[in-house]
Structure formats: structure tokens, C-alpha cells
Q: 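To start, I am sharing the structure in question, which I have written as C-alpha cells.
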Amino acid sequence: MKYRRRPEVLAPAGNLQGLKTAVDYGADAVYCGGKAFGMRSAPRNLSLEDFREGAAYAHERGARVYVTLNILPRNSEVRQIERYIADLADTGIDALIVSDMGIMMMAKRIAPGLELHVSTQAGVTNYGAANALAELGASRVVLAREMDVQAVRDIRANIPDTLDIETFVHGSMCMAFSGRCLISNYLTGRDGNHGECAQPCRWKYSLVEEKRPGQVFPLEETHEGTYLFNSQDMNMMEHLDDLIDSGATSLKIEGRSKSAYYVAAMTNAYKTAVNAYMVQRGFEDEDGNELRPFRDRVLRPGERAQDIDSDFCDDSLAAARDSIMAHADDAFAGLPDAAVDAPAPGQMIDGEAGLTMAGVNRPQTAAAPAPAHVKAQAPDLNSNRSARRQLDISDVPESDFEHARVVPAPKVELPQWLHEEPYKVAHRDYSTGFYYPERKVTQNTDRSSYFRDWLVVGEVLDWADGRVTLKSRNKIEAGQEVEFLLPGQAPLVYIVPQGGFLNEAGEPVEAINNPAHVFSMPLPQPVPVNVAIRSRTRKPTLKA
């Protein structure tokens, strides 16, 4: 078996600064797009020269760079893409993220030294597709966002260990969850598949009756209209142990259009959470030294629990199904969300356990021993259909599929500041996406704005002799509590002292109150260059 060194934290970058920021804050790899043929708007993306510089910067610090080439190309673009792949191969990047089969074969021929990662656009939802793509040369599949955690387990158990599984863990979600949406094309002529999406899923909608064209009816009882397709953001911070235990090898943060601060904060948070996982699962010590090889906790066919963890035997796995498996067969069945009451932490209910944390309900596998192989019971799809629409399924073979087991382990405990970190960037209401079918992602139909409880007030330019020099972004005054976003650790919380503010000329000033200017103030603890300084807003706002 190929054992991986550790789970990968994969961060976004919309430009060269974002790439370097992600690496500085601990990203194991960064994904970014070029000026063409990616699915995010081109002006903020990277040039070929940026890729050269970015790849060199990342490699010097032990990180890697992946480039998105995941559009569905038109005939007129095929030869352009051939030339572009050849250019990219000379920049030092490590992998191409593709979705089109023609581009995949083209890249394999033109740039055999680059890894091929199959994008979520390809809609990989099963191990058969993953294995076929591996045979064609893929080293990684990015699973469709519709997948639940049990599906990740089942795919991991039935694909080569050399094939990576990449899953999303944080950020905005598209209403077309595998990303292939044509609403923007239809309504605006802006091609979402070519990085120009106008995000009509976030627009405000009202109802108009055909014969009353001037009469607008809100779809809800509000004068503000409603937002039909406005999906919640994803936040899997509380559940990383579930995903890693279940075989996800790369944890992807969404946000190539987001700010450098967002990239820094979320990369730092998820990398620190993975570090906690590695220590608490016994793979590394506190200094990051390897104690034993990393691997997930999924049982492959023919494996025993003892092969993964000597503290378990096969009998202990047969006690109960965990909450994840209990709801797995509802994932794609079109059934309504299950009415699940959250038990108290550690409480068992019919072989299931749950835990409510940070506003989301977390299925807790730690309290419930993981299941023995249990035959999947296909949901009764006819139960919700009228007699006229009953399906004739007499020719459909009975399923003999067995879900993959996971050897249980204690829940990974994260420090409180990590639970709070996702709420210190602009965000919509959070959910866990489709990972837990009994609690699916929903839409916020009353707004499309972001919550903003924190804002960046400055950026560190230098520290020397007990003073920090910074470029201001927002007001800083005496008595204000600020945080310095430090790589690899909790933020430094600091109460700004009375007096001591100097402008760029060294002249005393009452407060830092002039954006984009240089100031300095006392700070006894050294801090690195380029770290963000943030502060809680006086009044939380919805950011348009």
C-alpha cells in the first residue's frame, strides 16, 4: 500500500499574491487559473510568468501548484489549448485540473510530466468512474459536490490507494453543484463555463403573471422579493476528522475570487486543524515528526480492523451503524430531509450518535462503533409517488452492494479559536453541504449578502525594537482590540495602548485613521511581515 505523508490542504489563489499568501500560511498545494481556459474570471488570474515565479516560490517551501484547465472547450479552442498546455508544462507547475476528456488525453500526450486531476465538473459520483479515469492517467479525482461522507468511504474502499480523492471543505457553493450551469449564459450572455458567471443564482426574484406584465408579486410575504437558488456556504471545520478518516486525501478550500485575507485565514485554520488531527490520531508528535505512516480508517475488501488499529477487533465493529451510514442511502434518492433529533453528546439512539456544535448538527462517529458490512437497502422511491406515477422496477436487479466500514476513533478536539475562525471572514450562512444527507444544504431565500463581523484594519510591513510598522486599511485607535493573523498558530490578540502612534514621517498622531498610509505603533511581541491585522466591527453588517 502507498501511504501518504499527510492529508493535503489545498488553497485557492486568484493571483500571484494570493498564491504566495496561501503558501506562507501553510497550504500544501495551491490551485489557480491562467488568463484563459479556467472557470474563474481571467483578469485576476496568473500569467505564464506568474506561474513560473509562483511554482518556484511554492517548491522552495515544500508546496505544489495546480492549474485549472477545466472548461468544456468549443471546437475553436482546441488548438489554442494544445499550445497553452505546452506553455504551461515549461513553467514548473505540478498538475493540471481538467474535466474534458479531450483535454485530458491532450495533456497526457503533450505534458506527460504533469499530474492530471479530474475536476468536480466531471461529476465523479462512483468508484467505477474513478477507476476508469485512473486507467486513463488521472492521479486524482475531485468528487462531485453532491457526494456524502459514506460515498467517499465507499469510493476509497474500491479504488487504488495511489488515486487521490479531493473534496471541498469550505467556501461558496454553486446551485449547480457540479458546476455546469447555463443560467448566466441564458440570461446575460456571460459564459459561466469560461469564468464569466454573473451569479444569477444570487439575484432577487419575484413572480410575474403572463397577462399582467407590469404587476410583480413577491414569492414570499416580503417587499424585497426572494432568492430562489442562493445556496449556503460550506464549513466543514467541525467535521474534518470524518472526511479524513473516510479517505479524502485533499481538502479543498473554495475561493479563487476571494481576498488574500480570506485565503490566509482559511488556509491557516484548516492547516492547523489537520495538524491537530495528525497529532491526536498518533501519526505525528507536536513538532510534526512522523510517529507512524498516515492512512485513513476505511477498511478495504479483505482488510481487518486490526490492520488499521490494534485496539479494535472485528467483533467491536458489528455493534451498530454510525449516523453517517444510517442515512447514506437517502443521498441521491430525492427523499425529504430526515427528521433527526440530536442526542446529547455520546448518547446512543438505535445505534446512532450525534453532537451539536457551533450551530450545525454533527453526526458523531466517535461515540458509536463503526458498522460491520451492511447491505445497502435501496430507498422505496415509490413511497412518495402517486399511483399514476408508480415505477415498474421489476427488471431492476436487487442491490448486493455493501457499504465500506470505517474503524472508529475518538473525535478530534480542536481549540476554540479554530471553531471561531470561519466566522471571521465574510460568509453566508454555513452548512455542511451534502456530506450528511439527513441535514442537506439549503438556500437562504431572504438575502444573498455576506455576514461581515470582522474587517481588516492593516497589514504588517515591519517589526523592530518593539514597534510594528503597518499599512492602514481601517481605523485603529487606543483601547481597540485587534488580532494579528499569525501563520500556524492562534491569532495574537492585542489591546492597542494609549499613545505611541506615529505617521510615516515619525510624527505623533492621535489614531490611525487614514487608509492606505503607513503608520507605526507599539507592539512588544515580534510579528512576521505581511500578516493581516483585523478587528471586530462595531456593528456587524451584511456585505452586499
Q: Got Val406 and Val298 here, is their nearest side-chain heavy-atom distance under 4.5 Å?
A: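 SC-SC contact between Val406 and Val298 confirmed.
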Q: Tell me whether Glu286 at atom CD has more than 12 heavy atoms from other residues, nucleotides or ligands lying less than 6.0 Å away.
A: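 Not buried by this count: 12 neighbours or fewer within 6.0 Å.
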Q: Is the closest side-chain heavy-atom distance between Phe434 and Met234 below 4.5 Å?
A: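 Of all side-chain heavy-atom pairs linking Met234 with Phe434, none is under 4.5 Å.
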Q: Excluding sequence neighbours, so at least two apart, what forms salt bridge (charged side-chain N to carboxylate O under 4.0 Å, His left out) with Arg61?
A: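 By the salt bridge (charged side-chain N to carboxylate O under 4.0 Å, His left out) rule, Arg61 matches no residue at all.
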Q: Is any side-chain heavy atom of Lys252 closer than 4.5 Å to one of Tyr270?
A: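 No, their side chains stay 4.5 Å or more apart.
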Q: Can you name the closest pair of heavy atoms from Val30 and Ala22 and give their distance?
A: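 Result for this residue pair: CG2-CB, 3.8 Å.
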Q: Quick one: closest heavy-atom pair of Gly33 and Thr68, and the distance?
A: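 The answer is CA-OG1, 3.3 Å.
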Q: Got Gln121 and Asp100 here, is their nearest side-chain heavy-atom distance under 4.5 Å?
A: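 No, side chains not in contact.
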Q: Between the side chains of Asp307 and Arg300, is the shortest nitrogen-to-carboxylate-oxygen separation below 4.0 Å, so that they form an ion pair?
A: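 So Arg300 does not pair with Asp307 through a salt bridge.
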Q: Do side-chain atoms of Tyr25 reach the backbone of Leu485 as a donor and acceptor pair under 3.5 angstrom?
A: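 Looks like yes, one N/O pair under 3.5 Å.
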Q: Between Glu8 and Arg140, does any NZ, NE, NH1 or NH2 come within less than 4.0 Å of an OD or OE carboxylate oxygen?
A: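 Yes, charged N to carboxylate O under 4.0 Å.
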Q: Which class fits the ring pair Tyr436 and His239: parallel under 30°, tilted 30 to 60°, perpendicular over 60°?
A: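 It falls in the tilted class, 30° to 60°.
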Q: Ignoring hydrogens, what is the shortest heavy-atom contact between Leu299 and Ala305? Give both atom names and the distance.
A: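 So the two residues come closest at CD2-N, 3.8 Å.
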Q: Could you check whether Arg5 pairs with Glu284 (Lys NZ or Arg NE/NH1/NH2 to Asp/Glu carboxylate O, under 4.0 Å)?
A: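 Result for this pair is yes, salt bridge flagged.
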Q: Between Val152 and Ile165, which heavy-atom pair has the shortest distance, and what is it?
A: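 The answer is O-CD1, 4.2 Å.
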Q: Side chains of Tyr66 and Asp94: closer than 4.5 Å at any heavy-atom pair?
A: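 Sidechains of Asp94 and Tyr66: in contact.
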Q: If you count heavy atoms of other groups shown closer than 6.0 angstrom to CE of Met101, is the number above 12?
A: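 No, CE of Met101 has 12 or fewer neighbouring heavy atoms, counting only those of other groups under 6.0 Å.
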Q: So among Arg292, Arg297, Arg281, Arg295, which one has a salt bridge (charged side-chain N to carboxylate O under 4.0 Å, His left out) with Asp309?
A: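 Of Arg292, Arg297, Arg281, Arg295, salt bridge (charged side-chain N to carboxylate O under 4.0 Å, His left out) with Asp309 is met by Arg297 alone.
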Q: Within a strict 4.5 Å, meaning less than it, do heavy atoms of the Met266 and Lys258 side chains meet?
A: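 Not touching, per the 4.5 Å side-chain cut-off.
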Q: For Arg428 and Ser172, test the side chains for any donor-to-acceptor distance below 3.5 angstrom and give the result as yes or no.
A: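 The criterion, which ignores hydrogens and geometry beyond distance, is satisfied for Ser172 and Arg428.
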Q: A side-chain contact here means heavy atoms from C-beta on lying under 4.5 Å apart; do Asp429 and Phe451 qualify?
A: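 Asp429 vs Phe451: side chains touch.
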Q: Pairs in or reaching into residues 124-139: which pass salt bridge (charged side-chain N to carboxylate O under 4.0 Å, His left out), with residues at least two apart or in two chains?
A: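 Passing the test, one end in residues 124-139: no pairs.
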Q: Please report the shortest heavy-atom distance between Leu486 and Asn268, naming the atom on each side.
A: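 Minimum heavy-atom contact is O-ND2, 3.3 Å.
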Q: Are Lys271 and Asp28 close enough, and set up right, to give a side chain to side chain contact (heavy atoms under 4.5 Å, CB included), and what steps lead you there?
A: CA-CA 8 Å; Lys271 181 59 177 286; Asp28 300 295; 3.4 Å; yes
Q: Is there any ring-ring contact (aromatic ring centres under 6.0 Å, His included) pair reaching into residues 127-158, and which pairs are they, with sequence neighbours excluded?
A: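 Found none.
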Q: Please walk me through it: do His427 and Tyr262 pass ring-ring contact (aromatic ring centres under 6.0 Å, His included)?
A: CA-CA 10 Å; His427 64 92; Tyr262 172 95; over 10 Å; no
Q: Once you measure the plane-to-plane angle for His403 and Phe401, does it fall in the parallel (<30°), tilted (30-60°) or perpendicular (>60°) bin?
A: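 Judged by the thresholds at 30° and 60°, the geometry between His403 and Phe401 is perpendicular.
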Q: Is the shortest side-chain heavy-atom distance between Ile155 and Val141 below 4.5 Å?
A: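 In short, these two side chains do not touch, never coming nearer than 4.5 Å.
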